[in-house]
Chemist: 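Have a look at this one.
All values derive from a computational prediction rather than experimental measurement. Both counts, for ligands and for their atoms, begin at 1 and track the order of listing.
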Amino acid sequence: MSSVWFRTWKSTPKIDCGLCGRPTCSSFSRAVLVGDLNVSACPVLGLAEFVNVRKELETSRARRMESRPRTAPDRPKGGVLYTRPCKDTDERLMAEFRVYNGIEPGEPVRFPEFDPGILCDMMECLHVPFEEVKCSRDLGYGRIKASEMSITVLQDGRVNMRRVASKDLVSEIFEKIERVIIGAVVCECCGCDLLSILAGCTIREVDPSHPVFDAGSSFSLEKDIARRPLTRGNLESAVGSPASMTMDMLDLLHDQLLWEIEQCMDGAPSQRSKEMDSDKARCIVADLMQSDACKGKETIVLKALSLLRTVLAGLDGIKDVAFMQSQLGEDEHRIVQSYIEQVMDGVLTEVMPDTDYSRVMLSYAHLNKVNNAVRLLNRWDHS
Ligand code: SF4
């Protein structure tokens with residue numbers, strides 16, 4: 001059975017435009033479920049075609065408000081909950097670790113530990129020495145297999161390992177996994193994931209007072225770096241040449257996004273540029289997170305990952321707008337074209353269209369996502 005968080009996310013427009021003040025529909029649905037936001041905060045849900053979706057969301061919220069929050073468990077040193085001989089073979093170890101999410105033991109926990117979409121995107125980048133990685137977006141947990149070992153990442157932040165050869169290997173594997181999935185940790189104050197907060201697309205500017213900045217059991221995040229804008233120069237000076245693939249990829253994506261916007265502005269969306277494989281792009285940054293060069297520089301590499309996700313979302317957004325253009329009437333087309341021109345410079349108007357014009361409103365929502373990507377890329381270029 002899928003989790004209540006997943007079911008509620010399914011009752012959202014799934015555009016991730018950020019117009020509700022939350023960066024993604026996933027964080028919006030979490031905030032609605034715990035009562036931090038009203039369903040009406042999403043302007044897209046105000047459109048006539050979403051009336052049933054809106055009702056489903058209201059029902060889920062009413063049910064959820066009746067349940068009691070659990071309390072945060074103890075914070076284990078180095079993340080270790082236990083390490084002991086395996087039940088089936090004494091020569092191997094079983095162990096349990098926990099990815100710390102920044103919530104003090106005993107405090108109420110309102111949200112799940114991980115955003116399931118980001119958790120799975122990132123877990124699927126865990127290659128060597130793992131042979132098989134499976135992750136369920138419905139349930140928000142993942143399984144990994146490597147030779148005799150089996151590892152499970154649970155929704156409450158625990159990482160369970162079986163049949164591991166040595167104590168050192170247990171810690172090494174945990175750190176490797178934690179480095180790759182830490183961006184999926186959800187902040188207790190707002191329900192946003194760490195990556196979205198680092199991208200600066202939330203209602204609050206990148207503010208290290210979010211409890212999620214204390215997350216991490218095998219390493220800590222540098223809070224002062226969180227505030228600084230991510231530029232090519234900053235990343236290069238912090239991480240050096242191991243970051244070159246990430247930097248080149250972000251430059252390529254920048255060019256691709258601008259090209260797609262221009263095509264959309266000319267009304268010629270049929271010719272597509274050579275697209276970058278988004279899974280491959282994510283895994284390049286995930287590999288960097290696991291490298292020695294990243295140690296002590298985690299926050300800036302996570303910022304690069306958050307920029308990458310924002311740009312990939314922007315590329316999806318402009319493609320959706322290009323597709324929708326053919327369905328617009330003459331007046332609607334003119335309005336949307338003026339929005340596209342604004343987006344080219346990252347200055348989309350904050351005055352939203354009337355929800356009576358459904359197709360214009362939907363185009364505007366997608367374009368807001370593109371606008372966020374252009375805004376961040378403009379800073380990135382400013383080395
Ligand atoms: S405003 Fe955008 S991000 Fe927020 S719930 Fe609506 S569609 Fe999703």
Chemist: Kindly indicate, with the supporting measurements, whether the criterion salt bridge (Lys or Arg N to Asp or Glu O under 4.0 Å) is fulfilled by D121 and R137.
Modeler: CA-CA 9 Å; D121 281 354; R137 284 165 174 82; 2.7 Å; yes
Chemist: Closer than 4.0 Å to some heavy atom of F28 - which atoms of ligand 1 meet that?
Modeler: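 Listed by number with element, the hits are 5 (S).
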Chemist: So, 2.8 Å as the limit: is an N/O/S atom of C17 located closer than that to atom 8 (Fe) of ligand 1?
Modeler: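 Of the N, O and S atoms in C17, none lies under 2.8 Å from atom 8 (Fe) of ligand 1, which means no.
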Chemist: Checking R92 side chain against P85 main chain: does a donor-acceptor pair fall under 3.5 Å?
Modeler: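 No, because the side chain of R92 does not come within donor-acceptor range (under 3.5 Å) of the backbone of P85.
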Chemist: Is the charged tip of R84 near the ring of Y82: under 6.0 Å from the six-membered ring centre and within 45° of its axis?
Modeler: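 Relative to the ring axis of Y82, which defines the angle, R84 lies inside both limits.
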Chemist: Under 4.0 Å from any heavy atom of P43, which atoms of ligand 1 are there?
Modeler: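 Result: 1 (S).
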Chemist: Is P13 touching ligand 1 with its side chain, its backbone, both, or neither, if touching means heavy atoms under 4.0 Å apart?
Modeler: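 Side chain only.
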Chemist: Run the salt bridge (Lys or Arg N to Asp or Glu O under 4.0 Å) check on R110 and D36 step by step: do they pass?
Modeler: CA-CA 11 Å; R110 304 187 305 153; D36 283 359; 3.0 Å; yes
Chemist: Given N372, which of V343, T310, L348 fulfils the side chain to side chain contact (heavy atoms under 4.5 Å, CB included) condition?
Modeler: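 Only one option passes, and that is T310.
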Chemist: Check this for me: does any side-chain nitrogen of one of K134 and E132 sit under 4.0 Å from a carboxylate oxygen of the other?
Modeler: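 Between E132 and K134 there is a salt bridge, with a charged N closer than 4.0 Å to a carboxylate O.
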Chemist: Decide whether the shortest distance between a heavy atom of G18 and an atom of ligand 1 is less than 4.0 Å.
Modeler: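 Flag set, G18 near ligand 1.
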Chemist: Quick check with a 6.0 Å cut-off and a 45 degree axis cone: is R179 positioned over the face of F219's six-membered ring?
Modeler: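 Judged by the rule (NZ or CZ under 6.0 Å from the ring centre, within 45° of its axis), R179 counts as positioned above F219.
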Chemist: Identify the closest protein heavy atom to atom 4 (Fe) of ligand 1: which residue and atom is it, and at what distance?
Modeler: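 It is C20 SG, 2.3 Å.
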Chemist: Between atom 6 (Fe) of ligand 1 and C42, is there an N, O or S atom separated by less than 2.8 Å?
Modeler: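 Short answer: yes, at least one N, O or S atom is under the cut-off.
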Chemist: Who's the nearest protein heavy-atom neighbour of atom 8 (Fe) of ligand 1, and how far?
Modeler: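 Protein heavy atom with the smallest distance to atom 8 (Fe) of ligand 1: C25 SG, 2.3 Å.
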Chemist: I'd like to know whether ligand 1 has D16 as a neighbour, heavy-atom separation below 4.0 Å.
Modeler: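 For ligand 1, residue contact (heavy atoms, under 4.0 Å) with D16 is present.
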